[in-house]
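Data first, discussion second: the structure below is written as structure tokens.
Only heavy atoms go into these numbers, but all of them, side chains included; no hydrogens, no water, no symmetry mates. Read the numbers this way: they start at 1 and go in the same order the structure lists the ligands and their atoms.
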Amino acid sequence: MEQYGLFEKVAEDLANEGISIVDNFLEPIEVAAICAEDEFKNRVLLFKKAGIGKAGERQINENIRGDYIRWIDKTSASKPIQIYLERLKQLRIFLNQALFLSLKDEEVHLTVYPPGSFYKRHLDQFKKDDHRKLSVICYLNQNWKPEVGGQLRVYFKNETKDFFPLAGRLICFRSDLLEHEVLPATRERLSLTGWMLDRISN
Ligand code: OGA
Ligand code: MN
């Protein structure tokens with residue numbers, strides 16, 4: 001799908017369902033370029049255990065989430081990641097126009113779930129004053145097989161739906177609305193995890 005059609009689909013899905021799943025948001029060659037960057041290659045050294053709760057009350061709890069993350073610094077990010085950030089920005093500008101939103105920025109971290117780790121059912125907005133409006137996750141896992149697990153499970157009113165973390169797939173959903181969880185996988189699970197915000201990121 002060319003970019004404009006793809007953005008239109010995201011806007012339409014978000015308006016109708018509160019979630020959109022787009023395959024090939026990143027081309028295979030773009031995914032490969034991101035994974036080949038030193039930041040990802042040295043993930044065991046560079047990534048930090050993710051916490052829960054906001055800055056002051058942040059704590060680490062293995063029983064809730066087991067992923068490791070590294071926040072992206074826009075100015076020093078590698079070229080392949082800059083390309084991803086630019087595409088997200090274009091999507092944000094499009095969504096603002098199509099859905100009359102006033103999203104102002106995005107914040108993104110690199111994420112790795114080691115084998116066996118998970119993130120229990122949660123909402124991405126923990127407080128009413130949260131500035132995260134849309135959660136946007138792009139997966140980087142080539143040749144992901146269903147038997148490996150690692151689904152994103154999304155809780156709707158009357159059902160749940162599972163999505164595999166396939167390379168290049170973008171999942172975008174309302175941060176205030178949809179509870180979700182990450183199921184454990186038998187292999188490492190990589191992604192770019194981010195949020196579109198209603199204020200400039202600090
Ligand atoms: C998160 C999260 C989902 C995923 O980081 O808050 O829910 O599929 N991630 O990685
Ligand atoms: Mn989440």
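Not a single heavy atom of F163 lies less than 4.0 angstrom from ligand 1. Residue contacts with ligand 1 include H122, since one or more of its heavy atoms lies under 4.0 Å from the ligand.
In this structure, R121 is positioned above the aromatic face of Y155, its NZ or CZ under 6.0 Å from the six-membered ring centre and within 45° of the axis. The cationic atom of R189 (NZ for Lys, CZ for Arg) lies less than 6.0 Å from the six-membered ring centre of Y113 and within 45° of the ring axis.
Close approach of ligand 1 to V182 (heavy-atom distance below 4.0 Å) involves ligand atoms 3 (C), 4 (C), 8 (O), 9 (N), 10 (O). Atom numbering of ligand 1 starts at 1 in the shown order; those under 4.0 Å from a heavy atom of H180 are 2 (C), 7 (O).
Judged by distance alone, with hydrogens and angles left aside, the side-chain atoms of Q82 form a donor-acceptor pair with the main-chain N or O of A77 at under 3.5 Å.
Only the side chain of D124 comes within contact range of ligand 1, with a heavy atom under 4.0 Å; no backbone atom does.
From the protein, the heavy atom lying nearest to atom 5 (O) of ligand 1 is T193 CG2, 3.5 Å. Protein heavy atom at the shortest distance from atom 10 (O) of ligand 1 is R189 NH1, 2.9 Å. Protein heavy atom nearest atom 8 (O) of ligand 1, with residue, atom name and distance: Y139 OH, 2.6 Å.
In summary, the aromatic rings of F94 and Y4 are positioned with their centroids under 6.0 Å apart.
Here D124 contributes OD1 and H180 contributes NE2, and at the Mn ion (ligand 2) these two atoms make an angle of 100°, given to 10°.
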Checklist entry - Given the rule in the ring pair (Phe, Tyr, Trp, His ring centres under 6.0 Å) test, do F40 and F47 qualify, once you have shown the distances and angles that lead to the verdict? => result CA-CA 9 Å; F40 252 117; F47 288 26; 5.8 Å; yes
Next on the checklist: One pair to check against ring pair (Phe, Tyr, Trp, His ring centres under 6.0 Å): Y119 and H180. What are the steps and the verdict?
Outcome noted: CA-CA 9 Å; Y119 193 160; H180 55 281; 7.1 Å; no
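Counting heavy atoms from C-beta outward, I19 and D13 have side chains that stay 4.5 Å or more apart.
At under 3.5 Å, not a single nitrogen or oxygen of W195, backbone or side chain, sits near a nitrogen or oxygen of ligand 1.
For the residues I137, L190, L123, the heavy atom positioned nearest atom 9 (N) of ligand 1 is part of I137.
Checked against the Mn ion (ligand 2), the N, O or S atom of H122 at the shortest distance is NE2.
Below 30°, between 30° and 60°, or above 60°: for W71 and W195 the angle between ring planes is between 30° and 60°, a tilted geometry.
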